[in-house]
Structures are given as C-alpha cells and as structure tokens.
Amino acid sequence: MADKIKYQYGFHKQEKYIFKSKKGLSPEIVKEISRQKQEPDWMTKFRLDALKIYHSKPLPYWGQNLGEIDFDDLYYYLKPIEKKAASWDELPKEIKETYEKIGIPEAERKFLGGVSVQYESEVVYKSIKKTLTKKGIIFLDMDSGLREYPAIVKKYFGKIVPSTDNKFAALNSAVWSGGSFIYVPKGIKVELPLQAYFRINAQKLGQFERTLIIADEGSFVHYVEGCTAPIYSTDSLHAAVVEIIVEKGARVRYTTIQNWSKNVYNLVTKRMEVKEDGIGEWIDGNLGSKLTMKYPSLYLTGKRAKGEILSIAYAGRGQCQDAGGKAIHLAANTSSKITSKSISVDGGKTVFRGLVRVYPEAVGSRTKTVCNTLIIGKESKSETYPTMDIRLSDVIAEHEATVSKISEEQLFYLNSRGIERNEAEALIVNGFIEPIVKELPLEYAVELNRLIQMEMQGSIG
Amino acid sequence: MSLLIQNLSVEIAGKTLLKNINLEINAGQIHVLMGPNGSGKSTLAQAIMGNQNFKIQNSNDKSNLKFKIQIDDKNITTLATDGRAREGLFLAFQNPVAIPGVSVANLLRIASKVNQLKSSHNPALSVWDFNERLVATAEKLGIRQELLKRSLNEDFSGGEKKKLEMLQALILQPKYAIFDEIDTGLDVDALRIVADGINLLKKSGTGILIITHYQRILKYALPDRISVLVNGRIVATGRNELVEEIEKEGYKRWQTK
C-alpha cells in the first residue's frame, strides 16, 4: 500500500498483444522478431551476428552485481497492436487511458513539436507536426525509419555503438525494437524539443529500444525522453542503445528523465560523436530502477568540438545508481565538461564513474569534471571513480569533487518557517540539483522536483 | 493575547545557559530584550523556536516548575520547531544559513502553502497575488528583485541577509516574531527600513521580541517593554528608562550582583 501511494505512476493496464515472443533468447526468436517486422536481410544478419557476440561476452567484471538477472525468464519481443496509429483517435481505448494518466495529451497541447510514444516494444502513437515534415526533418520510430529510409539507417546503424562494444549493446542489437529515428537536414534548427514518452507495461518484459539521431551540418535539435513505468512483481530489464552523430557545426541536446519502477535493471549505452565545431550535450536524470548503469559518452572527433554531460542520480532504499559520463578527446582544441550531482537517501547507493581520455592529437583541449554528492541518512552510500587518462601535456584538465550532508542548521532554519523535516530535506535536495534542473524543459523540471518530493516523503533521513 | 514563556531553563553540554526564564510578549506590542555578549540572548531565541540541540531542563529545578510555552492560550510546549512556526511563531536569525539552490521566493511559496494548509492564522493567496505581494514587499524593503531568485543567503551581504529575514516575516505575517540582532551590521538607512517593517508588523497585531545590544533601533521602533538578560537570567523588566540607564551605565549593576 505504501508503495502505491509513493509511486504515482504504478498503475497497471490489462495487456493486449497481437504477438508475444516466447520467453528466453535463441537465433529462432531473433529471426522471428526480424520476420515479424519484415526487415531487410542485412538487419536480420546484423541481429544474428549481435546475438553471437552477446553469448560470447561475459557480464561486466566491474561495476555492480548483475548476476540476479534471469535472462531466460524474459520476453524479448512484444507487439501490442498491428498497425501504428497516426492520430490520437485511432489508438485503442486502453492505451489512450494509460497515456491520459501520464498526461501526454496535456503536454502535447502545451508545446510539443511532435510526439512519439513507445507502448511495450512498439511505437503505437505518433503525431508529427506538419512543420517538421516541411523542413525535411525525419522523426519516426526506429522500425519505420528502417523501412522508409533504409539507406540512411544502414549507413549509421551500429557505427557509433558497435555490437561488440559491450554485452548489453550486443543484446540490444540482437533484439532491438522501437526507439526513435531522427534526421535533421543541413542548417535546420528544430526550435521545439522533440519528445518521446516511453513505457513498459508487461511483466517480465525486456525493453530494448534503439535510438539513432543524425544532425546534419549546422543543424540543431533537442530530443527529450521521459520514462515512467508501472510496478511489477518480477525483475525487468531495460537495455537501450542511443547513437548520435553531430555533424560539422551542428548541435544536439539529449535529455532523459528516467524513472523506471524499482525492480528494473537499466543498462544503457549512449554515445555521441561530435565533429568539427559541433556541440553535443547529454542531460541525464536517473531516479528510478533497482540498478542503473549508464555513462553517456562524448567522442569529440572534430576540431573545436564541444561536449557537456549533466548527470543527476537519486538512489533511495534498495536502489543503486551507477552513473556518470565519458569524454574522449580525439581532435585539437576540443572541450568537455562533466557535471554530476548524486543523492543517496535512506540506504541508497550512488556511484559516480567518469572517464576523460585525451589522445595526443587533441592539443590545446580542455576538460573539467565536477562531481557533487549529497548523502542523507546513516546507511546511505556513495562512491566516486573519476578516471583521467591524459596522453599529452598541452591540456587543461580540472577535477572537483565534494561530498556533503544536509546540516541541522539548514533544517532548523526551514523548520522555523513551518516546513516539516521531510519537506525541508526535499527542498534542500531540489536546491542541490537546481543548477542542472534549470536546463530542463519546464514541465520536466516541475515533474522532477515533484518526484523527488514524493520520494523524500517516504524516506527516513 | 500573548506569547508566554514560563520556567525556561536550558543547558548544553552540562552548562546552564538559561535559568528559569519567564517572559510574556503581548500581541501588537514591542518587547525588547537587551543584554551583554554571551548572556544567552540567541540561545533564548532559538530555545523558544524549539532548537533540538538545546536540552530543556525540567526536573532538577528546585522550584519544580515546569517549562511551558503558550501562544494565545494554546500550549505549544510539545510541538517541534515546524509545528510552532505553523502556530504563528517566527524567528529572524542573527546569522541565517545559506540554502544553495533555494530562493527566498521558492521558500516563501512553500512556507505560505504549509502555513495555510495546517493552520488558520494565515490567509490563502493565489499564486499571482503571492508574487505581487512578494515583489511589492521586497521593493518596500529596498531589496533588489534579483535577490528574490538567487540562492537564499548565498554570497549575500550582511545587510541583505537581514532584509531578507524581514521580508520573510512580512510575507508570513506571524502572530509572534523574534528578531535576533536584526540591527547589527545595518547602516542607518537599512536600520530605518527594518524598523519600519517591525512597526508594520506591530500595527497588524504581531507581538514582537527584539533582541539587541544597542538602543539605536529603538529610536525607530518604540518599545513597549524592556527586559534585561544577564548570565542567563532576566534581571530587570521595565520601560524606556531602562534603555537610557544601560546606555549610560552598561550592565555593570547586574553583573556585580
């Protein structure tokens, strides 16, 4: 009961599927997924190759314990309805109700540039504003992207994050479904953020969306991905891959607020290549899940390429957020900044893992890592692993780290204004992450603050 | 109608800081507490507000009188700090702490909300009215608009901090407000502005306790009653003539006793 009150989005809808793959993973299942989606042969082969790589790779030897995931007890593909709906009215009533609960129509009315929604493993609802199409901007779910723009997809798919990168990238490559495909033509600036809401709803469902964003020269796009998920009785796995190419002089900002329910393993590979004079930005907020391991990466391959990673991690009781970021400098005069704010509450654990690598060709580059941790409660834990691998001398590299606690003095002050202890703590936590939150679109900022308040109310500081 | 404090004794780390304090602050009046450095003035302010760090003595008091704190006949002795605040008690801190990422606007919006929800003494305001009142009140106090949005007390000057404490009092409209050395570090203009704020509160019926070393603020905020605190005890209570006496003679008379 307490959980229900705490977890606002923990409702559950009856499932309706056209096709549901068998539990577990085999070449047959992978072939069947590809056949269901009527994919070209090269993609089927790509999937099967990835499956082999997946089987050959061990679980990561570093980081957190993943031994509890029963990979044979998962469904790797679900297809809820046959045809994709082009408008809100065409959606099944049940799905519409779900979305009304998370408030999509309202959000859309406000300022969405376009909505792509993932229900289960399939994108079922999508509305693209005419202006997007007129400007030549492609904003599709990944499956449609593959069908409609096979040449572009073939050129970029799996190039930034190859299947060999890590076990979960390989798994995603074998069974991926859904996600977003975005192409922004040269010189086009998408003024409104493109948003997609993700949701998983079935027990034992693995979610493996795949996102590919290409920002052509001089273009700009801000992509926003928000997740809420209901509560299940068994563990669930989310292993997404995000690949982004920022061409010369382009800029991409990718914002995620992730709030998976507290039994989800969230193992995501996100990587962005930034070319000459380009700007790449990751804003990554991790609140939910049982365990998250996620390190958005920047590969600065062009001269004067710039990258920034803003990471927020919140871990409550029974949660571990192992997050951070990577910046790899491969060209001259590149710059990167990683800012991490992590909060562990009520026995939760946060880990900051950062990697900055500067290759000899990256002369005149600069990089800065700032890592602030707030610990609330005696049992809460925090670890920091900043790695700096600088292979030349002409570089400015800075690192700053702080660990703080909420002071009794601050609590007394807020109490003296009539604010209860829990609410005072939430206020201080929200203040702590404010420098990052102010970078979020307004409704996400409001939602994040509210989520933290809800979480803090149930915790013992 | 009054804020009544009876038999308040406080010790910290085995040392007695306040001994059997009895104090009554009437609604709509200004009560001034004066005393030398280290006499226990700030301890008194914080103990009234319910600071958990202070141990309130009860049993080993010979007179066996129990500590009691009461707002308008309502006993609030067992309430924690936030509960006392919602009953209408307010403390302007001598050294208010910085709260990174939390603006005074944000803080007051939340504080007003909880005060409205959980007590009856504060009238409900719409978001619009609230903002309008906040901006207008800040202007009256000569507070730059920009300060309303910045992290509270972070890199604020001494004077700015004091003015922001006053701003909070004016917005929250407490029944009883304690001003702990609101006058230190203020120039004449700021002093007058802060005193105007106190007078405004008084006019609207707030009972006020000003804690100070100096008589200079009392020129602008005329006291109804003066108490003198020396070595953790209230040694005298009276009217304005006490201020003049202290101004001339200092606290020697009571310290030698």
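Quick caveat, the model's predicted, so the values are computed rather than measured. Here is the naming used below: chain letters follow the sequence lines, and residue numbers restart at 1 for every chain.
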B:E146 CD: over 12 foreign heavy atoms closer than 6.0 Å: yes
Heavy-atom side-chain proximity of A:N430 to B:V102 below 4.5 angstrom: no
Chain A contact via B:Q46 - side chain, backbone, both or neither, heavy atoms under 4.5 Å: both
Heavy-atom check, side chain of A:R417 versus side chain of B:L172, under 4.5 Å: yes
Heavy atoms of other groups near B:K202 NZ, more than 12 under 6.0 Å: yes
Interatomic spacing from OG1 in B:T81 to CG in A:L414 - rounded to 0.5 Å: 11.0 Å
Chain A contact via B:A98 - which portion, at a heavy-atom distance below 4.5 Å: backbone
Proximity breakdown for A:Y413 and chain B, heavy-atom pairs closer than 4.5 Å: both
Spacing of A:R421 atom CZ and B:Q52 atom CD [to the nearest 0.5 Å]: 8.5 Å
A:R366 atom CZ, neighbour heavy-atom count above 12 within 6.0 Å: no
Rounded distance [0.5 Å steps], CG in A:L411 versus CG in B:D82: 10.5 Å
Atom CD of A:E383: over 12 foreign heavy atoms under 6.0 Å: yes
Atom group of B:L152 that falls short of 4.5 Å from chain A, counting heavy atoms: side chain
From B:N53 atom CG to A:E409 atom CD, the distance as rounded to the nearest 0.5 Å: 9.5 Å
Contact summary for B:A85 and A:S416, nearest pair of heavy atoms: CB-O, 3.4 Å
Between CG on residue B:N106 and CD on residue A:E434, distance to nearest 0.5 Å: 8.5 Å
Point-to-point distance, once rounded to the nearest 0.5 Å, from CE of B:M49 to CG of A:N415: 8.5 Å
